[in-house]
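Along the sequence shown, residues carry numbers from 1.
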Amino acid sequence: MLYIVISFLFLAIVLYFLLGGADFGAGIIELFTSEKNKSRTRKTSYQAIGPIWEANHMWLIIAVVIMFVAFPTMYSTMCTYLHIPLLIMLMGITARGTAFAFRNYDAIKGENTQRIYNNVFVYSSFITPLFLGIIAGSAISRQIDPGATSFTDAYIFSWLNYFSVAVGLFTVALSGYLAAIYLIGEADNDHDARRFIIKAKAMNILAVVFGGLVFIASEIEHIRLAHWIFGNPVSLIAVIAASISLIASWVLINKGKRKIIRIGAGFQVTMILLAVGYMHYPYLVMIKGGQNLSMFAYHAPEKTINVLGWGLLLGSLLILPSLFYLYYSFQKKEIV
């Protein structure tokens, strides 16, 4: 049953990154859109994410609950030493959701208040995935130091380092790429579709650049990232598959295949997550000094795992079909 719980944890992380990442990316795309096109980008983004934007955070909730119940030692370690980036990320989620709701449903849509809501939405859309990536990078960077004797060493430099920030920027670029790919198919006209194609290509290039920075930062911080990935057959195959899908995505984008490029982008990001996740499995948190928190060693009692596993299995029978129907119901038009 432990394997069931672990599978659901990684499934929730992957789906949150794919769906929530594209959600955040809509704000990132809007942030880097010219003033004359912002209103059209905003309208297209609302049509795409409006009906389902809140449902995406369900995957984050599931991941947090699994961590809290099944892996309390890892949960408490991350919440203790990474509480600052976690707090910033949660504040970003709250601010973004609030701004999105008020700018669309406020009874009085004044120019000044709309400007505030728009600014809060786009900047929190950037900050949230940035710190989500920082948290993920910090978990495997070996910078968490339980033996630290100062506040900065324990709670600042555990996440404020080159590697974690590079992972954060990489996450932002991937989120923007996912959103741009999705918005291509939601565009009402060829002009907007071309704009989103340009955004997708730009975000893809940025993802490659920031991905390179991640490897450079890992060498600076003495993290054996290249060894972990290229020395592991599964991670290596995943990286090769992601690279091939990257080339294929550019070809399909230029050919205007709006539906299949979504599958390609999702596959590409999933392969990246597989490469990173599998390279240090089953260690979810890696501590300074060489200690690794394994999911096989630091988990809840067997009875707790069994109850949680059955709860996840039975719950998925209700949640997954409902979510599929939700996405299907709000599909506005057929994508070709």
Side-chain angles (χ1 to χ4, degrees), residues 1-21 23 52 54-83 85-87 89-90 93 132-133 135-142 144 146 158 228 232-235 237-238 266-267 269-287 289-328:
M1 194 59 74
L2 179 61
Y3 287 101
I4 298 295
V5 173
I6 293 174
S7 298
F8 269 96
L9 175 60
F10 282 104
L11 176 65
I13 292 173
V14 170
L15 289 177
Y16 183 68
F17 198 99
L18 290 176
L19 301 175
D23 195 348
I52 47 88
E54 191 65 43
N56 294 330
H57 295 302
M58 179 197 72
W59 302 110
L60 177 63
I61 295 170
I62 290 175
V64 170
V65 170
I66 292 174
M67 286 287 294
F68 177 78
V69 176
F71 309 105
T73 300
M74 301 179 198
Y75 177 86
S76 61
T77 299
M78 294 183 68
C79 287
T80 299
Y81 295 99
L82 303 178
H83 70 276
L86 279 168
L87 178 61
M89 186 190 77
L90 293 175
I93 292 174
L132 177 63
I135 293 166
S138 301
I140 62 171
S141 67
R142 296 191 188 278
I144 295 177
S158 58
W228 286 343
N232 185 303
V234 175
S235 295
I237 292 172
F267 175 79
V269 174
T270 300
M271 289 298 101
I272 293 173
L273 294 175
L274 174 62
V276 175
Y278 193 85
M279 70 183 186
H280 56 81
Y281 174 82
Y283 304 114
L284 198 61
V285 180
M286 309 181 79
I287 305 297
Q291 182 185 6
N292 300 322
L293 301 184
S294 170
M295 289 183 285
F296 293 144
Y298 293 88
H299 61 78
E302 185 177 353
K303 289 184 178 181
T304 302
I305 296 295
N306 289 338
V307 172
L308 177 61
W310 280 111
L312 292 169
L313 286 172
L314 296 175
S316 65
L317 297 178
L318 175 65
I319 293 174
L320 295 179
S322 299
L323 283 174
F324 175 80
Y325 183 71
L326 177 66
Y327 291 125
Y328 173 79

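- Tyr281 OH: more than 12 foreign heavy atoms inside a 6.0 Å radius.
- Considering CG of Leu132 and CG of Leu90, their distance stands at 10.5 Å, rounded to 0.5 Å.
- In this structure, Thr77 OG1 and Phe71 CZ are separated by 13.5 Å, a value rounded to the nearest 0.5 Å.
- Of all the heavy atoms in Met1 and Ile305, the pair that sits closest is CG-O, 3.5 Å.
- Within the model, atoms CG of Leu2 and CG of Asn306 stand 9.5 Å from one another, a figure rounded to the nearest 0.5 Å.
- Legend: residues meeting side-chain hydrogen bond (donor to acceptor under 3.5 Å, both in side chains) with Ser158, ordered by chain and number and at least two apart, are absent.
- Considering every non-hydrogen atom in both His280 and Ile140, the closest pair reads NE2-CG2, 3.2 Å.
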As a quick check of understanding, evaluate side-chain contact (heavy atoms from CB on, under 4.5 Å) for Arg142 and Asn292, giving each step before the final call. CA-CA 9 Å; Arg142 296 191 188 278; Asn292 300 322; 2.9 Å; yes
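- Contact of the Ile144 side chain with the Met286 side chain is not registered, since no non-hydrogen atoms from C-beta on lie closer than 4.5 Å.
- Applying the side-chain hydrogen bond (donor to acceptor under 3.5 Å, both in side chains) test to every pair with at least one member in residues 1-14, sequence neighbours left out, gives no pairs at all.
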Anything under 3.5 Å between a donor and an acceptor, one on a side chain of residues 296-304, the other on a protein residue two or more places apart or in another chain? List them.
from	atom 1	to	atom 2	distance (Å)
Tyr298	OH	Gln291	NE2	3.4
His299	NE2	Phe296	O	3.3

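- Applying the side chain to side chain contact (heavy atoms under 4.5 Å, CB included) test to Leu19 and every residue at least two apart in sequence or in another chain returns Asn56, Trp59, Tyr327.
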Could you list the donor-acceptor pairs under 3.5 angstrom formed between side-chain atoms of residues 310-324 and any protein atom two or more places apart in sequence or on another chain?
from	atom 1	to	atom 2	distance (Å)
Ser316	OG	Leu312	O	3.3
Ser316	OG	Leu313	O	2.6
Ser322	OG	Leu318	O	2.7

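- Around the OH atom of Tyr283, the shell of radius 6.0 Å holds no more than 12 heavy atoms that belong to other residues, nucleotides or ligands.
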Show the atom names and distances, to 0.1 Å, of all donor-acceptor pairs under 3.5 Å that link a side chain in residues 61-68 to residues at least two apart or in another chain.
none

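- Between the NE2 atom in His57 and the CD1 atom in Ile93 there is a gap of 5.5 Å [rounded to 0.5 Å].
- For Asn232 (side chain) and Val234 (main-chain N/O), a donor-acceptor pair under 3.5 Å exists by modelled atom type.
- Shortest non-hydrogen contact noted between Leu86 and Cys79 is CD1-CA, 3.8 Å.
- Annotation: side chain of Ile4 is in contact with side chain of Phe8 (closest heavy-atom distance under 4.5 Å).
- Taking CZ of Phe17 as the reference point, atom CG of Asp23 lies at 13.0 Å (rounded to 0.5 Å).
- Of the inter-residue distances, the one linking Leu308 atom CG with Leu9 atom CG reads 10.0 Å to the nearest 0.5 angstrom.
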Can you check side-chain contact (heavy atoms from CB on, under 4.5 Å) on Phe10 and Ile6, steps first, answer last? CA-CA 6 Å; Phe10 282 104; Ile6 293 174; 3.5 Å; yes
